[in-house]
Amino acid sequence: MSQASEGSRSLHLSQVTKEFASFTAVDSLDLDVAHGSFFALLGPSGCGKTTTLRMVAGLETPTSGSIRIGDTDITYAKPYQRPVNTVFQSYALFPHLDVHENIAFGLRRRRSAEVDRQVKDMLDLVELDGQARKKPHQLSGGQQQRVALARALVNGPDVLLLDEPLGALDLKLRRAMQIELKRIQTEVGLTFVHVTHDQEEAMTMADTVAVMNAGVIEQMGAPAELYENPRTTFVANFLGQSNLIAGKVLGRDGDFVKVDMHGIAVSVPAQRAHTDGTEGWVGIRPEKVLIAEVGEDIDAPGNHLEGGIVTDVSFVGVSTQYLVRMPWGQELQVFEQNTGRRKIFAHGEKVDLSWRPEYAFLLDSSQDVNAGIEDD
Amino acid sequence: MSPLARAGRWVRGHLVLGLGVLVLAYMFVPIAVVVLMSFNDPGKSKNVYAFRGFTLHNWEHPCGPAGMCHAVGLSVSIGLLATLVATIIGSMAAFGLVRHEFSGRGLANTIIFLPMASPEIVMGSSLLALFVSTGFGGRLGFWTIFVAHVMFCLSFVIVTVRARLAGLDDNLEQAAMDLYADERQTFWRVTFPLALPGILGAALLSFSLSFDDFIITNLNAGQTTTFPMFVWGAAQRGVPMQVNVIGTVMFVIAIAIVLGGELNNRRRARALVG
Ligand SMILES: Nc1ncnc2c1ncn2[C@@H]1O[C@H](COP(=O)(O)OP(=O)(O)OP(=O)(O)O)[C@@H](O)[C@H]1O
Ligand SMILES: [Mg+2]
C-alpha cells in the first residue's frame, strides 16, 4: 500500500468536546492516531475514555469539534456509515446468534462475498475453530472476548476501537490476551485504539500512549518517553510511581537547571524541566535512587542526599523497596534490585541517597503533588 | 445404625421429593378429573358429577349439546382476534414506554397497571355503561366482547413485553449499528428476535385470559353466548359431558405448545453439540 493512502486512513480528533447537561466529559480534545499504530488511551475511571471512543464510533455526538478519518469528516456520520468497529466493554455479543453468525453479522449487512470463508479465517486467527456453532453463553469469558474481537476485526475497519476489552478477565488470562491482541494487531496491521485504566497494559501493548485525566489529555508519547520524562505530576504518579520533592529553581547552568531542594543543590536536565517558575517539584523514579551506607562512595556524580533513616523495608523478591525519611520529614521511595551484591538495610538504619542528574525531572509547582495517585 | 434412624434418614432424604409430588397432585388432580369425566356415561342419571360407566360417545359427538360448539367457535375467534390486536398494540406501547423518554412516562407506567388491579365486575359494568351511553346498547355482541377483551389483555401484554425489553442490554443494538446495520435492520435482526419470547408469552397469556373470561364478557355480550357463558348456563340444568371433552382438548393443546417449545430448544442445543 502506498504511503499516501496509508496516511489517508489515520484518525484525527480536533477540539472535540462532549458535554452532558452541565458536565464536561471530554474537553477540547486533540488526537492524531497514525494508520497501523497501536494507540492506548489510559486514564482513571470516569476521565472520559469511553465517551471519546463512543464519539469516534458514532454512538455519541460531540457537542463541538470534528472527527476525521483521513480527509473524510465523520463527526456526524451514523455508526453504520463509518469504517470503524468496536469491541465493547461488555462484549455485547448477540445472544440469539451462534459464534459464526455473530462474526458474520457485519459482513452480511454489507453483502460481502465469501462470508463463510472470511469467518473461518477469523476463527483461526483468534484460535476458536471448532466453536463456530456455540451460542455466546456457552463460551468462557476469554472465548467471548475473542468472538467480540473477531466480530469487529472481520470487517477490516480503518480503526478498531477496544473499550477495556480485557477488563473482565482475571490477571493471568489478561496477560495472555495482551500478548495475543498485540500479535493479532501486528498480523492484520490495522489501527487499534485501546482504552484501559491499567498502566502496565497500556505500556506493554501500545506504540503510543495518551494519558487522559478529567476530560483532557495530559501527555502523549511512546511508553518509555512518558515514563522517563513525565510533564505533569498526574502522569508522574499515574504511570508508575515517583518521588516528588519541593525545590527552588536557582537558575540555568549549561544543559542543566540547578534546584535547591531543602538546602541540597541538585541538577535536572534542561529538556526535562517543565516549569518556568521559581519553584517546582523535583521528580525521581524510585528505581533510579541509589541507597548506601553513610559515607559510602556511590557511583553517582552530584545529587547526593545525606541524613536518611530507613522507616520501612519490604522484600518483594526481585527487588527490595525502602521508605527513607529525609531530614525535612518527607519519606522517599527507593527500589533496589536484588543483585545479591548489595546489603539489605534494616529498619532504623542511617543511609545516604543519590541519583544521576540525567534521570531527574522538574515539574510545575502549581500542580497537585498527589494528582494521579490511586488510593486503593 | 438402628432401623429407626435409617428410616428417619430415608424420610429426610425424600421429604422434598414427597412434598413436590403432593403439590403436583394438588395442581393436576382437577385436570385428571376433567379428562376422566370426558369418558363418563351419565345414562339417565341426573347426577352428572358421578362416574357411571366408560363410553366414547362424548368424544364421538362433541357437538351433541345444542349451541355448545357454536359457543366454542365464538370464544376461539374472539380469543384469536383479541390476542392479535392486543399483542400488536401492547408490544408497540411497551417499546415506547421502554425506549423513549417523554414527560408523563412514569405516570403511564403506573396507569397501565390499573386495569389489572381493578375488579373485573367494576370494569365490566363501567364498560357496559360506556357502550350504552354511546349508543351501542342495542348492538352488544361479538364486537363489544372483542373490544372488552382487547382492553383487559392490553395491560398484561404491555407488562410482559416491557419486562422482556427492560432486560435487554442496549449495547446490543449499538453493537448492531456499529456492525453496519441501519435502524430497520437493527430492529428486525436484533431487537425483535430478542423481544420475541416476551411477545409470544404475552400472546399465550392473552388468549387464555380472553378464552375463559366470564364476568366482563357476560355483562357486555347481549344475546351472544361464549363458551364460559354456555357452561355457566348449562350448569343450572346439569353440565353436558362434552364440556369435559372441550376442556381436555384445550389442556392438550396447551401442553403441546409448551412441549413443542421445549423440544425445539433441546433440538437446537443438540445441533450445537453435534
Ligand atoms: N450519558 C451520560 N450522561 C451523563 N453523564 C455521562 C454520560 N455518559 C458518561 N457520563 C459521565 O462522563 C464522564 C466520563 O465517562 P466515561 O464513561 O467516558 O468514563 P471512562 O473514562 O470510560 O471511565 P471507566 O474507566 O470507568 O469506564 C463520567 O463522569 C460519567 O459520569
Ligand atoms: Mg469506560
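Since we're looking at a predicted model, the values are computed, not measured. All values below come from the heavy atoms of this structure, side chains included, with hydrogens, waters and symmetry mates left out.
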Point to revise | Interface residue of largest heavy-atom contact number with chain B, from Pro95(A), Ala132(A), Ala57(A), Gly58(A), under 4.5 Å | key: Pro95(A)
Taking atom [atom1] as the centre, does [X] end up with more than 12 heavy-atom neighbours from other residues, nucleotides or ligands that are less than 6.0 angstrom away?
X: Lys182(A); atom1: NZ; value: yes
X: Asp170(A); atom1: CG; value: yes
X: Tyr26(B); atom1: OH; value: no
X: His197(A); atom1: NE2; value: no

Practice item. Select one option (side chain, backbone, both, neither) describing which atoms of Glu183(B) are under 4.5 Å from chain A's heavy atoms. Key: both
Review point. Checking heavy atoms, do the side chain of Leu172(B), its backbone, both or neither come under 4.5 Å from chain A?
Key: both
Measure the spacing between [atom1] of [X] and [atom2] of [Y] and express it to the nearest 0.5 Å.
X: Tyr91(A); Y: Asp169(B); atom1: OH; atom2: CG; answer: 13.0 Å
X: Tyr80(A); Y: Asp178(B); atom1: OH; atom2: CG; answer: 13.0 Å
X: Arg189(B); Y: His96(A); atom1: CZ; atom2: NE2; answer: 9.0 Å
X: Gln185(B); Y: Arg108(A); atom1: CD; atom2: CZ; answer: 12.5 Å

Is [X] close to chain B through its backbone or its side chain, or both, or neither, when contacts mean heavy atoms under 4.5 Å?
X: Leu93(A); value: backbone
X: Phe88(A); value: side chain
X: Ser90(A); value: side chain

Review point. If every non-hydrogen atom of Leu179(B) is compared with every non-hydrogen atom of Asn85(A), which pair is closest and at what distance?
Key: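 Minimum heavy-atom contact is CD2-ND2, 3.7 Å.
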Check your understanding: Which residue, Arg110(A), Gln81(A), Arg111(A), forms the side chain to side chain contact (heavy atoms under 4.5 Å, CB included) with Tyr180(B)?
Key ->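 Of the listed residues Arg110(A), Gln81(A), Arg111(A), the side chain to side chain contact (heavy atoms under 4.5 Å, CB included) partner of Tyr180(B) is Arg110(A).
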Exercise for review: Take Phe105(A) and Val190(B) through the test side chain to side chain contact (heavy atoms under 4.5 Å, CB included) and record every step on the way to the result.
Suggested key: CA-CA 10 Å; Phe105(A) 192 92; Val190(B) 175; 3.9 Å; yes
